[in-house]
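Residue numbering restarts at 1 for every chain, and letters A, B, ... go by the order of the sequence lines. What you see is a predicted model; the values in this text were computed from it and never measured.
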2 protein chains.
Amino acid sequence: MQPTIYDVAKKAGVSIATVSKVINNNGRIGKDTRKKVIKIMEELNYQPSVVASALTGKRTETIGVLIPDLTNPFFSEITASMEERAHELGFSVVICSTNDSEEKEAKYISLLLRKKVDGCILASRFKQVGLIENMVKQGIPVALTGQDIPSLNLNTVSVDDYKGGYKATAYLGSLGHKNIAMIAEKNARSSEERIKGYVDAMNEMGLPVDEALIREVKPTVAGAKQAAEELLSLHVPPTAIFAGNEILAIGVSQAARAFQLDIPNDFSVIGFDNTLLATICDPPLTTIAQPIEQMGRQIVDILISEINNKLDYKQRIMLPPELVIRQSTKELSVENGLVND
Amino acid sequence: MQPTIYDVAKKAGVSIATVSKVINNNGRIGKDTRKKVIKIMEELNYQPSVVASALTGKRTETIGVLIPDLTNPFFSEITASMEERAHELGFSVVICSTNDSEEKEAKYISLLLRKKVDGCILASRFKQVGLIENMVKQGIPVALTGQDIPSLNLNTVSVDDYKGGYKATAYLGSLGHKNIAMIAEKNARSSEERIKGYVDAMNEMGLPVDEALIREVKPTVAGAKQAAEELLSLHVPPTAIFAGNEILAIGVSQAARAFQLDIPNDFSVIGFDNTLLATICDPPLTTIAQPIEQMGRQIVDILISEINNKLDYKQRIMLPPELVIRQSTKELSVENGLVND
DNA sequence: CTGAAAGCGCTAACAC
DNA sequence: GTGTTAGCGCTTTCAG
C-alpha cells in the first residue's frame with residue numbers, strides 16, 4: 001500500500017496536522033520541522049491522496065471536457081491544447097465523447113457531477129441547454145468553446161462563425177464564382193451561423209441564393225461526397241463549394257475527382273477550421289482558420305480562473321476567423337464562366 | 001450544494017446505512033423501504049459522491065491513459081475507442097499527452113497515483129520502464145498497447161510490427177521494386193520492429209540492404225518530407241518508400257510531388273496504421289492496417305478485468321497486421337526499372 | 001509553533 | 001430488515 005499522512009507523521013515524530021501544513025505550505029511551521037517532514041515524505045515516497053483531500057472540500061483538480069467526436073481533427077487538436085494547458089495549471093482532463101447523442105450528454109454530465117469535477121468545458125454541438133442550466137444552478141463552473149449560446153450567460157471562447165462563412169463565400173465570389181454551393185454540418189449551432197454568413201455574402205454580391213445549393217449533412221467524408229456529387233449532377237452545377245469544415249471539404253474534393261474535375265482549375269473548394277487535414281490533402285485546402293490552439297488554452301484559462309474565483313464577470317470571447325489561401329481555390333476561368341452564364 | 005446521503009436518509013426517515021444499501025444494491029432491504037428511498041433520491045436528484053466512496057476503499061472508476069500525441073490520428077482514434085469502451089464499462093478516462101517527454105511521463109504517472117486511478121494504459125513510445133515497474137509494485141494495474149515490452153510481464157495488446165514491416169516491404173518487392181527505402185519514426189520500440197521486418201524482407205528477396213536507405217526521423221510530416229527529399233536526391237534514388245506511419249507517408253508523398261514524381265506511376269509509397277489519413281489523401285495510401293478500434297476496446301477490457309480481479313494471468317495479445325492495397329503503390333514500370341538497374 | 005479533534009460523504013461490519 | 005458506529009486520508013479550527 002501507499003503511505004498515508006499517518007505514516008509520515010509517525011515516522012517524523014509529529015502530528016498529522018503538522019504534516020498537512022507542510023504539504024499545503026500554510027500555517028506556521030518551524031524550519032527544522034518542515035525540513036524533517038519533507039525528508040521523511042521523500043524517503044517514504046509519499047504522495048498525498050487527492051481523493052481524501054477532495055473530500056474535505058478541496059478541489060479534485062479535474063475538469064471534464066465534452067466533445068462530439070475525438071476522431072475529428074478539429075476536436076482532437078482542441079482537446080490536445082486544452083489538455084496541455086490544464087496540466088500546466090495542475091488540472092487533469094477527463095474526456096467524454098458524446099457522438100452527438102443526447103443520451104450520452106446527460107449520462108456524462110451526471111457522471112462528472114458524481115466525480116466532483118471542478119468544472120466542465122463543453123465543445124461544439126452540445127444540445128441540451130437545460131442540462132447546462134442545471135450544472136450552473138448546482139454551482140459548478142461551465143465554459144463553452146466552439147459555440148456561443150447567446151441565451152446563457154457563460155464563459156465562452158468561440159470564433160465568429162458568421163463572419164467566417166461570409167469571408168469564405170466572399171472570397172469565392174471575388175474569384176469570379178457566381179454559382180457557389182454550400183455543404184454544412186447538420187444540427188450544429190456554429191454551422192447555422194456559417195450558413196447565415198454564406199447567405200448574406202451571396203446577397204451582398206448580388207448572387208441568387210438557391211436553397212437547393214445549401215446542403216446539410218452528417219459530418220462525414222462520405223456524407224459530403226454524396227451531397228457534392230448531387231450538386232455536381234445538377235443541370236447547372238456549381239463551380240465552387242464552401243464546405244463547413246475540412247472533413248466535408250475532403251468529401252467535396254473526392255466528389256470533384258470522381259467527376260473528373262481538376263481542383264482548382266475546373267472547380268474550387270474552401271474549407272473551415274484549418275486542421276492538419278487542410279495541409280496534408282492534395283491540393284492543400286484554402287480554408288477559414290480557427291485559432292484552435294489558442295481557443296483551447298484560453299477556455300481552460302478562463303474556466304480555471306472561475307474555479308479559483310478569480311473572475312469578476314463572465315468572459316465571452318469571440319475570435320476572428322482568418323482566410324488562409326492555399327491551392328484549392330482559383331479564379332473562375334472564362335471558359336467555365338461562360339458555361340455557367 | 002448537492003444533497004448527501006444524510007439528506008436522503010433524513011427525508012426518507014431511514015438511516016444512512018439503509019440508503020447506502022439501496023445505492024449499492026446489497027444487504028437485505030424491505031421492498032417498500034427500497035422503493036421509498038429510491039423515490040426520495042430521485043426527488044432530491046441525489047448523486048452519490050464517487051470521491052467519498054473511493055475513500056472508503058472502493059474504486060475511483062477512472063483509468064489513466066498516457067499517449068504521446070493526441071493530434072496524431074492513430075492516437076486520437078485509439079483514444080476514442082478506449083474512451084468509448086471504458087464508458088460502456090462505467091469508467092472515465094483521463095488523458096495525458098506526454099509529447100515524448102520523459103519528464104511528463106514521470107509527472108503524469110505520479111499525478112495518476114495521487115488521484116488513485118484504478119488502472120492505467122500506456123500507449124506507444126513510453127520510455128521509462130522503471131516507472132512502470134514502480135506502478136506494478138504499488139499494485140496498480142497497468143496495460144500496454146501499441147508496443148510490447150518483452151522484459152515486463154504486463155497485459156498487452158499490440159500488432160505484430162515485425163510482420164507488418166515485413167509485409168510492407170515484401171509487397172513493394174512483389175511489385176518489382178528493388179531499390180526500396182524506409183523512413184521510420186525515431187525512438188519508438190514499435191518502429192524498431194518494423195525496421196527489422198523491412199531488413200529481413202529485403203534480405204529474403206535477395207535485395208541489398210543499404211543503411212543509407214533507412215532514415216529515422218521525428219514523427220512529423222516535415223521531417224519525413226525532408227528525409228524523403230534527401231533519399232530522392234541520391235545518385236540512384238529509391239523507386240519506393242516504406243513509411244513507418246501515415247504522417248510520414250504524407251511527408252513522403254509531398255516530397256515525391258516536389259520532385260515531379262507521379263504516385264504511383266513513377267514512385268510508390270506504403271504507410272502503416274490505416275487511419276483516416278490513409279483514406280483521405282490523394283492518391284489514397286496503400287498501408288499496413290492496425291485494427292485500431294479493436295485494440296482500444298480490447299486493452300480496456302483486459303485492464304478492467306484485471307481491476308476487477310477477473311484475470312488469472314496476464315494477457316499478451318498480438319494482432320496480425322493486414323495489407324490494405326489502395327492507390328499509392330504500383331508495379332515498377334520497365335522504364336523505371338531499367339534506370340535503376 | 002504544534003497537536004487534538006471534529007468532520008468531509010460514504011462503506012461495511014456488527015448489533016438489534 | 002434496519003440502525004449504530006468505526007473508519008477511509010485529509011483539512012481545519014481551536015487550544016495550548
Side-chain angles (χ1 to χ4, degrees), chain A residues 1-38 40-41 44-62 110-111 113-118 138-140, chain B residues 1-38 40-41 44-62 110-111 113-118 138-140:
Chain A
M1 262 331 272
Q2 297 184 43
T4 72
I5 199 172
Y6 289 95
D7 301 320
V8 176
K10 188 183 292 177
K11 192 155 182 196
V14 297
S15 76
I16 59 165
T18 303
V19 178
S20 175
K21 277 166 199 153
V22 351
I23 292 169
N24 297 292
N25 211 5
N26 59 16
R28 295 173 218 302
I29 299 285
K31 244 192 162 179
D32 301 357
T33 333
R34 151 164 288 122
K35 219 179 269 175
K36 181 163 52 171
V37 170
I38 290 179
I40 302 288
M41 293 200 299
L44 260 40
N45 191 23
Y46 167 73
Q47 311 268 37
S49 159
V50 176
V51 171
S53 111
L55 189 57
T56 70
K58 300 204 99 174
R59 303 177 312 207
T60 52
E61 293 165 14
T62 303
S110 138
L111 183 68
L113 251 34
R114 291 202 302 114
K115 299 220 166 165
K116 298 284 181 287
V117 296
D118 300 322
Q138 309 216 13
I140 114 127
Chain B
M1 261 333 272
Q2 297 185 42
T4 73
I5 199 172
Y6 288 96
D7 300 320
V8 177
K10 187 183 293 177
K11 190 153 184 197
V14 297
S15 76
I16 58 166
T18 303
V19 178
S20 175
K21 278 167 200 153
V22 350
I23 292 169
N24 297 292
N25 211 6
N26 59 16
R28 297 172 216 301
I29 298 286
K31 245 192 159 177
D32 300 358
T33 331
R34 151 164 290 121
K35 218 178 271 175
K36 179 164 53 172
V37 171
I38 289 178
I40 303 287
M41 292 199 301
L44 260 39
N45 191 23
Y46 167 71
Q47 312 268 36
S49 158
V50 175
V51 171
S53 115
L55 189 58
T56 72
K58 300 206 101 173
R59 302 178 312 209
T60 52
E61 293 165 14
T62 304
S110 138
L111 183 68
L113 251 35
R114 290 203 300 113
K115 300 219 166 163
K116 297 284 181 288
V117 294
D118 299 323
Q138 309 215 13
I140 115 127

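- Regarding A:K10, its NZ atom lies at a distance of 15 Å from the P atom of C:dG3, rounded to whole Å.
- Side-chain polar atoms of B:T62 and B:K115 form no donor-acceptor pair below 3.5 angstrom.
- The two residues A:N45 and A:P3 make their nearest non-hydrogen contact at O-CG, 4.2 Å.
- A 6.0 Å sphere centred on NZ of B:K11 holds more than 12 heavy atoms belonging to other residues, nucleotides or ligands.
- Between D:dT4 and B:S15, no contact under 4.0 Å exists linking OP1 or OP2 to a side-chain N or O.
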Please list, pair by pair, any protein nitrogen or oxygen found under 3.5 Å from a nitrogen or oxygen in nucleotides 8-11 of chain C.
| unit_1 | atom_1 | unit_2 | atom_2 | d |
| --- | --- | --- | --- | --- |
| C:dC8 | O2 | A:L55 | O | 3.4 |
| C:dG9 | N2 | B:A52 | O | 3.4 |
| C:dC10 | OP1 | B:Y46 | OH | 2.5 |
| C:dC10 | OP1 | B:S49 | N | 3.1 |
| C:dC10 | OP2 | B:I5 | N | 2.3 |
| C:dC10 | OP2 | B:Y46 | OH | 3.4 |
| C:dC10 | N4 | B:Y6 | OH | 3.2 |
| C:dT11 | OP1 | B:N24 | OD1 | 3.4 |
| C:dT11 | OP1 | B:N24 | ND2 | 3.1 |
| C:dT11 | OP2 | B:S20 | OG | 2.8 |
| C:dT11 | OP2 | B:N24 | ND2 | 3.4 |
| C:dT11 | O4' | B:T56 | OG1 | 3.1 |

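- For the pair A:N26 CG and C:dG3 C1', the interatomic distance rounds to 15 Å; values are reported in whole Å.
- Atom P of nucleotide D:dT12 and atom CG of A:N25 are separated by 13 Å, given to the nearest angstrom.
- Between A:D7 and A:Q2, the shortest heavy-atom contact is OD2-O, 4.5 Å.
- Contact between A:V19 and A:M41 at its shortest, heavy atoms only, is CG1-SD, 4.5 Å.
- Pairing each heavy atom of A:V50 with each of A:R59, the nearest pair is CG1-O, 4.3 Å.
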